[in-house]
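Order of the sequence lines sets the chain letters (A, B, ...), proteins ahead of strands, with each chain counted from 1.
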Protein chains: 2
Amino acid sequence: MSKNQLEEIKEQLKQKGYKLTTQRRIILDSILDNQDKHLSIEDIYKIVKEKMPEIGLATVYRTIMLLSDLKVLNKIDLDDGCSRFELSNSEESHNHHHLICIKCGKVEEAEDDLLEALEEQIENKKGFKVINHMVKFYGICKECKKE
Amino acid sequence: MSKNQLEEIKEQLKQKGYKLTTQRRIILDSILDNQDKHLSIEDIYKIVKEKMPEIGLATVYRTIMLLSDLKVLNKIDLDDGCSRFELSNSEESHNHHHLICIKCGKVEEAEDDLLEALEEQIENKKGFKVINHMVKFYGICKECKKE
DNA sequence: GTTCGTGCAAAAAATTTGCACCGGA
DNA sequence: TCCGGTGCAAATTTTTTGCACGAAC
């Protein structure tokens, strides 16, 4: 979304003392090229391997974990047996919703601000300060409803 | 919560043609005894093994999967490397929130109905009929805020 | 008596780790 | 040059599966 996400992330790596290796650059590129997808480690590995066949799966794991720690990526659980990840853009990162169709398995995204009212209430009632959230709605998507 | 959850679930099993084996009964008992917890398969296995040492881990997996399919249990992802489960009581099953403290890791539960307004909006805007949801709020809990 | 479920052990899948070598800063 | 990062392979961890036997209906 922002003018140059890649540069921003590179900067973040540098500032924290991490090296910008070829592998990290290629992995980042691959993720930025697939912003709309919910990639698994294996997905990313396959994409990256085309550009750099000698890369190891462990490097992908390590890089993804690093990017998760840096909050560049969000882990999402789609109940398909593996972890999936997606970019947490600065604007989107706080309001993150997934609509998961229980018929066809499709995953859409949705944003909304209504949750903010709920978070306020949680802070007041429970004394719990909400910093981020992960919301999944399960249901029937528009297409499957037609059938 | 309800008068006799165990009986209800037994009934559900029978109706769908599943046998009520000793193993299933013990696993159910163990889960009902730990309603407030978020048990992993391994947790359940350990608890059940005390009552029935000859039980196999695979049986626990198969039973938990069955109970998830029957919507007796909900899978939850607490990012600790294994799947966790909890009872989805009829009343609670639709409004399910977790407050996860990013400092101490504690998991609280919260319910609220505010999400219903949001779900209505999703159906209107996106044509997506929400059937269930899974909501996790990450933040700082009351105790950790004091420190 | 059938049929479904179980235990066991093996297999598969997902993730992590140890270590010698390599390549960014 | 130096130190963190990588590739590789092995180890762990989590989950699934095949099959003969046992138990519920």
Side-chain angles (χ1 to χ4, degrees), chain A residues 6-7 9-30 38-70 72-73 75-85, chain B residues 6-7 9-30 38-70 72-73 75-85:
Chain A
L6 187 55
E7 287 308 320
I9 299 169
K10 279 184 188 174
E11 201 50 47
Q12 212 180 331
L13 283 173
K14 257 188 221 162
Q15 280 181 3
K16 306 233 173 171
Y18 297 108
K19 289 179 183 170
L20 182 59
T21 63
T22 316
Q23 289 85 342
R24 286 179 182 166
R25 202 151 2 88
I26 292 182
I27 290 172
L28 269 171
D29 281 343
S30 305
H38 305 89
L39 300 173
S40 68
I41 301 279
E42 208 65 42
D43 292 337
I44 297 167
Y45 181 53
K46 275 184 209 144
I47 296 168
V48 168
K49 222 170 162 49
E50 286 177 19
K51 303 178 191 166
M52 186 189 225
E54 68 272 29
I55 202 169
L57 181 55
T59 299
V60 178
Y61 269 99
R62 285 182 287 223
T63 303
I64 299 305
M65 290 313 139
L66 173 62
L67 294 175
S68 293
D69 287 348
L70 293 179
V72 170
L73 297 182
K75 183 180 171 190
I76 51 184
D77 178 24
L78 265 30
D79 286 348
D80 64 347
C82 62
S83 300
R84 294 180 173 275
F85 296 86
Chain B
L6 188 54
E7 288 308 322
I9 300 170
K10 278 184 187 173
E11 201 51 47
Q12 212 181 332
L13 282 174
K14 257 189 219 162
Q15 280 182 3
K16 306 232 174 174
Y18 296 108
K19 289 178 182 170
L20 184 60
T21 63
T22 316
Q23 288 85 341
R24 285 178 182 165
R25 202 152 1 88
I26 292 182
I27 290 172
L28 268 171
D29 280 344
S30 304
H38 305 89
L39 300 173
S40 68
I41 301 280
E42 209 64 43
D43 291 337
I44 297 167
Y45 181 54
K46 274 184 210 141
I47 296 169
V48 168
K49 222 168 159 53
E50 286 178 20
K51 303 178 193 167
M52 185 188 226
E54 68 271 31
I55 201 167
L57 180 56
T59 299
V60 179
Y61 269 99
R62 285 182 289 225
T63 303
I64 298 305
M65 291 311 137
L66 174 63
L67 294 175
S68 293
D69 288 347
L70 294 178
V72 170
L73 297 181
K75 183 181 172 191
I76 51 184
D77 178 24
L78 263 32
D79 287 348
D80 65 346
C82 62
S83 301
R84 295 181 171 276
F85 296 86

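Counting only heavy atoms from C-beta on, A/Lys19 has its side chain closest to D/dG5 among C/dT15, D/dG5, D/dT6. When distances are taken from the side chain of A/Cys82 to each of C/dG7, D/dG5, C/dA14, the shortest belongs to C/dA14.
A sub-4.0 Å separation between OP1 or OP2 of D/dG7 and a side-chain N or O of A/Gln23 is present. For the pair A/Thr22 and C/dG24, the criterion of a side-chain N or O lying under 4.0 Å from OP1 or OP2 is met. A sub-4.0 Å separation between OP1 or OP2 of C/dT15 and a side-chain N or O of A/Tyr61 is present. OP1 or OP2 of C/dT6 lies within a sub-4.0 Å distance of a side-chain N or O belonging to B/Thr21.
Protein atom CE of B/Met65 is 16 Å distant from nucleotide atom P of C/dG5, rounded to whole Å. Rounded to whole angstrom, the span from the OH atom of A/Tyr45 across to the P atom of D/dC8 amounts to 8 Å. Across the protein-nucleic acid pair, B/Leu67 atom CG and C/dG5 atom P stand 12 Å apart, rounded to whole Å. The separation between B/Arg62 atom CZ and C/dC8 atom P is 11 Å, rounded to whole Å. When rounded to the nearest whole Å, the span between CD1 of A/Ile64 and P of C/dA14 equals 15 Å. Atom C1' of nucleotide C/dA14 and atom CD1 of A/Ile44 are separated by 14 Å, given to the nearest angstrom. Look at CD on A/Glu42: it is 7 Å from P on C/dA14, rounded to the nearest Å. Residue B/Arg84 contributes atom CZ, which lies 16 Å from atom C1' of D/dT15 at whole-angstrom precision.
The existence of a salt bridge linking B/Asp43 and B/Arg84 is confirmed by a sub-4.0 Å separation between a basic side-chain nitrogen and an acidic carboxylate oxygen.
Along DNA chain D, the nucleotide closest to A/Met52 and the one closest to B/Ser83 are compared, and the more 5′ of them pairs with A/Met52. Between B/Tyr18 and A/Thr59, it is A/Thr59 whose nearest contact on DNA chain D lies nearer the 5' terminus.
The residue B/Leu57 sits close to a base: some heavy atom pair falls under 4.0 Å. Residue contacts shown for A/Gly81 are limited to sugar-phosphate atoms, with no base heavy atom under 4.0 Å away. Across all strands, A/Glu54 comes closer than 4.0 Å only to sugar-phosphate atoms, never to a base (heavy-atom distances).
Taken from CZ in B/Arg25 to OG1 in B/Thr22, the straight-line distance is 5.0 Å, to the nearest 0.5 Å. In this structure, CD1 in A/Ile27 is found 8.5 Å from CZ in A/Arg24, a value given to the nearest 0.5 Å.
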Inset, instruction - Just do the side chain to side chain contact (heavy atoms under 4.5 Å, CB included) check on B/Glu42 and B/Val60 with the steps written out, would you? - result: CA-CA 9 Å; B/Glu42 209 64 43; B/Val60 179; over 6 Å; no
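With hydrogens and angles ignored, no donor-acceptor pair closer than 3.5 Å exists between the side chain of A/Arg24 and the base of C/dG24. Taking 3.5 Å as the limit, the base of C/dG24 and the side chain of A/Arg25 contain no donor-acceptor pair of atoms between them.
Atom NZ of B/Lys14 sits in a sparse spot, with 12 or fewer heavy atoms from other residues, nucleotides or ligands closer than 6.0 Å. By the neighbour-count criterion of 12 heavy atoms within 6.0 Å, atom CD of B/Glu54 is densely surrounded, having more than that number from other residues, nucleotides or ligands.
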